[in-house]
Amino acid sequence: MPEESKKFMYINRKAPYGTIYAWESLEVVLIGAAFEQDVSLAFMDDGVYQLTKGQDTTGIGMKNFSPTYSALGDYEVTKIYVDKESLEERGLSLDDLQHLVWEDEDEDWAEKDSIRLVSRTEMADILAGQDILFNF
Amino acid sequence: MTMLHLVNKSPFDGSSLNTATSIMKPDDALLLIEDGVYGAIKNNTSAAKLEGKNVSVLGPDLAARGLSEDKLVDGVKIVDYAGFVDMVESNDKVQSWL
Amino acid sequence: MKFTIQVNEGPYQHQASDSAYHFTKAALEKGHKIYRVFFYHDGVNNGTRLTTPPQDDRNIVNRWSELGKEYDLDMVLCVAAAQRRGIVDDGEAQRNGKDATNIAPGFRISGLGQLIEGGVQSDRLIVFGD
């Protein structure tokens, strides 16, 4: 580990495709994975739309970047916090989101869920525990 | 460990103020900048969200929008850019609710 | 204290670049260090020297260049964002076969790692955007 390991959180609050923020922030997460910080992602407000399954962009001619989220586990990005209240407000549930997993090498590569559904109060505690908050 | 929350949107534009105030801890500070300053106007229907919170507005943004101190919710402080810098320094981290 | 500043929006369209500039200037005047100013998303448009704002308006690009010169700031435009939006320096022109450059004085084009590194090396990250 580098001498200065910080708790990095990427906060996603914008929907995909309507603007480029979601895609370009995912690019930061992928690059940032090389820095061996303690990384986590938060999805709140319209950011929860980024994780919905079944995205098909062929009709709008834009790149469908949603499969990239399922690769995050390979980049050792394993803590993905989804704000339950934001999901419910939008008429969505966990079933509407991609099933994101990572493999735990300490437990014989057991497959584990990356998404952790948290209440607003829990999200507040999680944010409070970070060192650096990236927003896009 | 305290956090400085920045909100730059009117309370009538999106979820920024709402989410920021729901995430804020008692010792955290909220600074309203740019269009965020509209959230501090007395009697606006979102003003209750500021109750009991440590709220400041950026003076230059307030003045630019034709607002003065007497229009603000009681207890809201006005800071300049130097004061903004001090708030960044005195809190452990900054969260921009873009 | 050491700050890294992230600017997510271009000049004029949104106040973000103005706010970032005034904050950066105030921080420097108070004796803080600016480790880096990182321009991302449309923020890379703050680094084109080809803007010509009306004479009675502020010149946002020149203002950054001048502040950068005065305080020897490291002002970085994200390469991926810059390529998408046509902000070009000599190296980029050569690599991508472009017939012109438009990067403004004091800016440089580099990778996203510079933003992450700014987060690692600084005491605070302050993001300005929409």
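Chain A is the first sequence line, chain B the second, and so forth, proteins listed ahead of strands; every chain is numbered from 1. Atoms considered below: every heavy atom in the structure, side chains included; atoms not considered: hydrogens, waters and symmetry mates.
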Do you know which of Met1(B), Met24(B), Met3(B) has the most heavy-atom pairs under 4.5 Å to chain A?
Met3(B)
Modelled atom types, side-chain donor and acceptor of Tyr49(A) and Asp96(A), under 3.5 Å:
no
Per-residue contact mode, Met123(A) against chain B (heavy atom under 4.5 angstrom)
both
Going by an N to O cut-off under 4.0 Å, is there a salt bridge joining Lys53(A) and Asp95(A)?
no
Among the options Thr19(B), Asn18(B), Asp28(B), pick out the one with the most heavy-atom pairs lying under 4.5 Å from chain A.
Thr19(B)
Honestly, the part of Asp46(A) sitting under 4.5 Å from a heavy atom of chain B is neither
From Ser22(B) OG over to Glu85(A) CD, what is the distance, rounded to the nearest 0.5 angstrom?
6.0 Å
Interchain contact, Thr2(B) with chain A, by part (heavy-atom threshold 4.5 Å)
neither
Ile80(A) vs Leu72(A) side-chain heavy atoms within contact, under 4.5 Å:
yes
Using heavy-atom distances under 4.5 Å, tell me whether Arg13(A) contacts chain B through its side chain, its backbone, both, or neither.
side chain
Using the benzene-type ring in the case of Trp, are the ring centres of Tyr10(A) and Phe43(A) under 6.0 Å apart?
no
Quick one: what part of Phe136(A) sits under 4.5 Å from any heavy atom of chain B, side chain, backbone, both or neither?
backbone
Indicate yes or no: at least one non-hydrogen side-chain atom of Lys71(B) is less than 4.5 angstrom from one of Leu62(B).
no
